[in-house]
Each structure stands twice: as structure tokens, then as C-alpha cells.
Amino acid sequence: MKTQQFVVIGLGRFGSSLALELIDLGYEVLGIDKNEEVVSNMSEYLTHAVVADATDEDVLKSLGIRNFDCGIVAIGDDIQMSILAAILLKDLGVRTVVAKAISILHGRALGKLGVDRVIFPERDMGIRVAHQLVTPNLLDYIELSKEYSIVEMTVPQTLDGKTLSEVNTRAKFGCSIVALHREGKVIVAPTAMDQLHAGDIMVIIGSNSNIDRFESEAVNVN
């Protein structure tokens, strides 16, 4: 089976960390940046890294961009270059195009160009940190929509030893525990008889209001 190939355009903080994580996950990554020093620093870690102008169609064609499964435009502050790179990736037939946006207007423009996914790293991180600050048991937060989220929450002492059947989040709170992290292992789709242990991490999906209610009424029970 062919290893999925990614091209990351822009190797700043966001682009380089994303590229390195993809490498760690076992994928092939081509990194492109105009800064020779940045490319030199990343070349030993990525499958390939080249100094190039990602808004030059001939350059992208010569790199075989059309053969990549996913292109990520991670260019920092240059909105025009970001948009041009995204257009070229789409025109050259890259199957999935993802782009970083630095403003709502930038994101809207990328969406109108047919970019498959627009990412707002600073905004999204700000939202996640805010939720973590106001919810002490919350470890991570991913917004699925304005109404629904997936969260990771530490099992408190109040729920230690209880089975999922006893906690009964779906009936009582309208949200579901879809996985448990325990001692480095992940239990996906735990059964009603699986016990919670203090310190476990629950992965919960549901509406924001129902998750908040579960956190306040069940997790914070005195």
C-alpha cells in the first residue's frame, strides 16, 4: 500500500511542527519554503525539503505536486502568497488542499477558492486554552460545530470505581463517553460494565451544554 504523501508550503512554526508530526506518524512529507536557512534546518527531518517559490506554477509542476495526496498551505503573514499557492494546488490537481488562515476574511477567501479545510491555529488554540482554564478537569477540547464538541476530561475521585452503566452519561446528561485512556492504553467504545478509575481520561462527545452539565453535576460532585 502506497504511503500517503503530503506537501507543506511554508515551514514556519506551524508548518514545521505539522510537517514533523506527519513524519513521526509515518508519512512522506515534502517541505517548501523560500528561506534557505529554514529549509536547511528541516531537510534532515523531512522526506524532501526544497527552497522554492510556491506561487510559481512551473516550479510546482517540476516538483510533481499533482502526485501528492494532500497539500497544506502554512504560509504566515503573506495573504496574497497564501491564496496564490492554494489556487495552484487546486489547479494542479492535489486531492485535498488545507490552508492556514490568519483572519476571518482570509479564511473566507480560501473557502471560496475551494480549499477543503481552513485552519485558524491561533484562534483554535485560544478557544482550547480558554476552555481548559475555566474547566479544571478538561485536558483537551475540539469544536465539531458551534453546538457540539469532543473533549478529554480527567476522571475525578468522585467517579472512581463506577461503571459506565452507573454513570449513565447518555441518559442522564445526553453525552457519550466514546473512549478511555488508561495507563498508556486506549479503550475505544467501552462497554457499560467498564469501570472508571480516578486519573483515567474520558473522551466525551455531545452538545456543549450537555457536556458542561455533566462536568458541573457529575464530575464536580462533592
Side-chain angles (χ1 to χ4, degrees), residues 4 6 8 12-27 29 45 70 72 74 96 98-102 104 107 115-222:
Q4 202 168 355
F6 294 82
V8 178
R13 282 182 301 177
F14 174 71
S16 59
S17 63
L18 188 151
L20 291 172
E21 185 64 22
L22 288 169
I23 287 288
D24 286 345
L25 291 170
Y27 297 103
V29 179
Y45 303 108
C70 180
I72 299 116
T96 303
V98 177
K100 168 189 171 181
I102 59 174
I104 297 296
V115 167
D116 299 282
R117 183 176 177 188
V118 178
I119 297 170
F120 297 84
E122 289 82 6
R123 183 200 69 178
D124 294 346
M125 182 54 70
I127 290 170
R128 291 166 81 168
V129 170
H131 280 269
Q132 290 165 2
L133 290 173
V134 299
T135 311
N137 295 295
L138 193 66
L139 300 178
D140 203 356
Y141 167 94
I142 300 171
E143 185 180 272
L144 299 176
S145 71
K146 288 296 181 186
E147 292 82 27
Y148 289 87
S149 301
I150 296 176
V151 305
E152 287 187 347
M153 198 177 291
T154 307
V155 174
Q157 199 65 45
T158 52
L159 299 181
D160 185 50
K162 292 191 176 182
T163 65
L164 294 190
S165 176
E166 289 174 310
V167 178
N168 203 2
T169 56
R170 186 173 296 177
K172 293 179 181 176
F173 303 101
C175 53
S176 300
I177 298 174
V178 295
L180 292 170
H181 291 255
R182 177 177 298 153
E183 297 175 350
K185 296 179 181 178
V186 180
I187 303 169
V188 179
T191 69
M193 299 314 295
D194 276 314
Q195 278 189 320
L196 296 172
H197 301 298
D200 285 355
I201 297 169
M202 305 175 281
V203 181
I204 305 164
I205 187 169
S207 70
N208 298 330
S209 58
N210 286 342
I211 292 173
D212 288 345
R213 197 159 58 88
F214 170 62
E215 200 274 336
S216 61
E217 294 182 23
V219 175
N220 286 328
V221 171
N222 292 321

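Counting begins at 1 with the first residue of the sequence.
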### Message
Restricting to side chain to side chain contact (heavy atoms under 4.5 Å, CB included), what partner residues turn up for Lys162, sequence neighbours left out?
### Response
Leu159, Glu166, Val167

### Message
Taking side chain to side chain contact (heavy atoms under 4.5 Å, CB included) as the definition, give me every residue that meets it alongside Ile204, ordered by chain and number, with sequence neighbours left out.
### Response
Val151, Met153, Cys175, Ile177, Met202, Ile211, Phe214

#### Entry: Within residues 178-203 or reaching into it, pairs that qualify as ring-ring contact (aromatic ring centres under 6.0 Å, His included) - sequence neighbours excluded
none

### side chain to side chain contact (heavy atoms under 4.5 Å, CB included) partners of Ala99, counting only residues at least two apart
Val73, Leu110, Val115

### Query
Does some side-chain heavy atom of Asp160 sit less than 4.5 Å from a side-chain heavy atom of Leu196?
no

### Task
List in chain and number order the residues that pass side-chain hydrogen bond (donor to acceptor under 3.5 Å, both in side chains) with Arg13, two or more places apart in sequence or in another chain; answer none if no residue qualifies.
none

### Task
Decide yes or no for Phe173 and Asn168: does some side-chain heavy atom of the first lie under 4.5 Å from some side-chain heavy atom of the second?
no

### Task
Could you tell me which residues satisfy side-chain hydrogen bond (donor to acceptor under 3.5 Å, both in side chains) with Thr96, sequence neighbours excluded, listed by chain and number?
none

### Message
Do Ile72 and Leu22 make a side-chain contact, defined as non-hydrogen atoms from C-beta onward lying under 4.5 Å apart?
### Response
yes

### Query
What pairs with Asp194 under salt bridge (charged side-chain N to carboxylate O under 4.0 Å, His left out), at least two apart in sequence or on another chain?
none

### Message
Measuring only between side-chain heavy atoms, which start at C-beta, is Val203 closer than 4.5 Å to Ile150?
### Response
yes

#### Entry: Results of side-chain hydrogen bond (donor to acceptor under 3.5 Å, both in side chains) for Ser209 - residues two or more places apart only
Ser207

### Task
Specify the closest pair of heavy atoms between Ala101 and Phe120, including all atoms of both residues, with the distance to one decimal.
CB-CE2, 3.6 Å

### Message
Counting C-beta onward and ignoring hydrogens, is there a side-chain heavy-atom pair between Ile119 and Phe14 closer than 4.5 Å?
### Response
yes

### Query
Who passes salt bridge (charged side-chain N to carboxylate O under 4.0 Å, His left out) against Arg182, sequence neighbours left out?
Asp200

### Message
For Glu183, give me all partners under side chain to side chain contact (heavy atoms under 4.5 Å, CB included), at least two apart in sequence or on another chain.
### Response
none

### Query
Can you name the residues that form a side-chain hydrogen bond (donor to acceptor under 3.5 Å, both in side chains) with Arg170, not counting sequence neighbours?
Ser176

